[in-house]
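Single-structure report; data block below.
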Amino acid sequence: MLTRPPISHSITFTYTHDLARASAFFRNVLELDFVVDQGACHIFRLTPLSYIGVCNLPDRPQGPAGVTLTIVSPDVDGWRDFLEAKGVTYVSGPAHSDEFGVYSSLFHSPDGYRVEIQSFDDPDWDKGRIA
C-alpha cells in the first residue's frame with residue numbers, strides 16, 4: 001500500500017486581465033508579502049505555508065464564478081475597519097452564522113472574486129479529523 005506523499009504548502013491561484021491592478025490589490029490593500037514574480041503570475045504569502053497567486057495567462061479560466069477566497073482571522077471586525085479605510089466596499093457582514101459556526105464578512109476583489117474574512121466559533125476547528 002502506498003503512503004500519501006507529503007504536502008508542504010498551498011497556493012490558490014486567481015486570474016485577471018490586469019496583473020498590475022490585481023497585484024497592487026494584494027500588495028497594497030491586503031498588505032500581503034509579494035514573494036514570487038513569475039512574470040505572468042505573482043504569488044503572495046497569506047500565512048507561513050499558504051499563498052495566493054494572481055495570473056494573467058492567455059489560457060486562464062474566465063470569470064470568478066464559484067470561487068471564494070476565505071481568510072481566517074481572529075479579528076474580522078478589525079479587517080473590515082482596515083480595508084474600508086483603504087476604500088474596499090463590503091457586500092455583507094460582519095455577521096454570525098449559526099449554521100456554519102462562523103463570524104464573517106464578505107467583499108469582492110477588483111476582479112470580482114468573493115473574499116471572505118472569517119473566524120470560527122470553535123477555536124479548535126482545524127484540530128479534528130473526520131473519519
Side-chain angles (χ1 to χ4, degrees):
M1 180 174 194
L2 292 175
T3 302
R4 182 185 61 82
I7 298 170
S8 63
H9 299 74
S10 67
I11 304 171
T12 300
F13 283 97
T14 62
Y15 300 93
T16 184
H17 297 286
D18 186 340
L19 185 59
R21 184 199 66 213
S23 189
F25 173 75
F26 291 116
R27 190 173 49 247
N28 301 328
V29 177
L30 293 181
E31 295 187 16
L32 301 178
D33 292 332
F34 184 15
V35 296
V36 178
D37 184 346
Q38 296 176 314
C41 296
H42 294 170
I43 300 173
F44 299 86
R45 181 178 294 112
L46 286 169
T47 71
L49 300 176
S50 66
Y51 301 81
I52 184 164
V54 61
C55 298
N56 184 359
L57 302 169
D59 63 343
R60 70 185 170 274
Q62 299 295 311
V67 175
T68 300
L69 169 65
T70 298
I71 297 171
V72 178
S73 172
D75 191 0
V76 174
D77 294 323
W79 268 103
R80 181 166 182 148
D81 294 343
F82 176 77
L83 292 173
E84 282 187 331
K86 293 180 172 222
V88 172
T89 301
Y90 270 71
V91 175
S92 66
H96 186 264
S97 168
D98 289 329
E99 178 181 3
F100 296 107
V102 298
Y103 181 67
S104 66
S105 58
L106 182 73
F107 61 93
H108 290 108
S109 77
D111 289 294
Y113 289 93
R114 292 166 45 108
V115 181
E116 177 185 41
I117 310 289
Q118 82 173 20
S119 63
F120 285 85
D121 293 347
D122 179 358
D124 294 325
W125 69 273
D126 62 339
K127 307 294 186 276
R129 182 173 180 198
I130 298 172

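Scope of the values below: all heavy atoms of this structure, side chains included, with no hydrogens, waters or symmetry mates.
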Quick one: [atom1] on [X] to [atom2] on [Y], what's the gap to the nearest 0.5 Å?
{"X": "Arg27", "Y": "Leu32", "atom1": "CZ", "atom2": "CG", "result": "10.5 Å"}
{"X": "Glu84", "Y": "Tyr90", "atom1": "CD", "atom2": "OH", "result": "6.5 Å"}
{"X": "Leu46", "Y": "Ser73", "atom1": "CG", "atom2": "OG", "result": "11.5 Å"}
{"X": "Thr89", "Y": "His108", "atom1": "OG1", "atom2": "NE2", "result": "11.0 Å"}
{"X": "Ile43", "Y": "Ile11", "atom1": "CD1", "atom2": "CD1", "result": "4.0 Å"}
{"X": "Asp122", "Y": "Lys127", "atom1": "CG", "atom2": "NZ", "result": "9.0 Å"}

**Request:** Taking Thr14 for its side chain and Gly53 for its backbone only, find out whether a donor-acceptor pair lies under 3.5 Å.
**Result:**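 The answer is yes, because a donor-acceptor pair under 3.5 Å joins these two groups.
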**Request:** Please identify each residue that fulfils side-chain hydrogen bond (donor to acceptor under 3.5 Å, both in side chains) with Ser50, with sequence neighbours left out.
**Result:**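 Ser50 satisfies side-chain hydrogen bond (donor to acceptor under 3.5 Å, both in side chains) with Thr47 once adjacent residues are dropped.
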**Request:** Scan residues 3-24 for pairs that pass salt bridge (charged side-chain N to carboxylate O under 4.0 Å, His left out), counting only residues two or more places apart or in two chains.
**Result:**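 Output for this query lists Arg21-Asp111.
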**Request:** Would you mind telling me which of Thr68, Ile71, Leu69 makes a side-chain contact (heavy atoms from CB on, under 4.5 Å) with Glu116?
**Result:**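 Running side-chain contact (heavy atoms from CB on, under 4.5 Å) over Thr68, Ile71, Leu69 with Glu116 returns exactly one hit, Thr68.
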Exercise: identify the closest heavy-atom pair between [X] and [Y]:
{"X": "Asn56", "Y": "His17", "value": "ND2-O, 3.3 Å"}
{"X": "Leu57", "Y": "Ala40", "value": "CD2-CB, 3.6 Å"}
{"X": "Gly39", "Y": "Leu19", "value": "O-CD2, 3.3 Å"}
{"X": "Leu49", "Y": "Ser8", "value": "CD2-O, 3.7 Å"}
{"X": "Pro48", "Y": "His9", "value": "O-CD2, 4.1 Å"}

**Request:** Could you list all the disulfide (SG to SG under 2.5 Å) pairs where at least one residue sits in residues 43-76, not counting sequence neighbours?
**Result:**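 Of all non-adjacent pairs touching residues 43-76, those that pass disulfide (SG to SG under 2.5 Å) are Cys41-Cys55.
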**Request:** Before giving the answer on side chain to side chain contact (heavy atoms under 4.5 Å, CB included), spell out for Val72 and Trp125 the whole-Å C-alpha distance, their side-chain angles and the decisive distance to 0.1 Å.
**Result:** CA-CA 11 Å; Val72 178; Trp125 69 273; 4.2 Å; yes
**Test side chain to side chain contact (heavy atoms under 4.5 Å, CB included) applied to Trp79 and Leu30, step by step** = CA-CA 9 Å; Trp79 268 103; Leu30 293 181; 4.0 Å; yes
Please tell me whether [X] and [Y] are part of a single hydrophobic cluster in this structure, the criterion being side-chain heavy atoms less than 4.5 Å apart.
{"X": "Val88", "Y": "Val91", "value": "no"}
{"X": "Val35", "Y": "Phe25", "value": "no"}
{"X": "Phe100", "Y": "Val115", "value": "no"}
{"X": "Val54", "Y": "Val29", "value": "yes"}
{"X": "Val36", "Y": "Phe13", "value": "yes"}

**Request:** Anything under 30° is parallel, anything over 60° is perpendicular, the rest tilted; go ahead and classify Phe44 against Phe34.
**Result:**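 It falls in the parallel class, under 30°.
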**Item:** Working for side chain to side chain contact (heavy atoms under 4.5 Å, CB included), residues Phe120 and Asp126
**Value:** CA-CA 9 Å; Phe120 285 85; Asp126 62 339; over 6 Å; no
**Prompt:** Tell me, do Phe82 and Glu31 make a side-chain contact under 4.5 Å, heavy atoms counted?
**Reply:**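 Sidechains of Glu31 and Phe82: in contact.
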**Message:** Please determine whether side chain to side chain contact (heavy atoms under 4.5 Å, CB included) holds for the pair His96 and Asp121, giving the CA-CA distance in whole Å, both sets of side-chain angles, and the decisive distance to 0.1 Å.
**Reply:** CA-CA 9 Å; His96 186 264; Asp121 293 347; 2.7 Å; yes
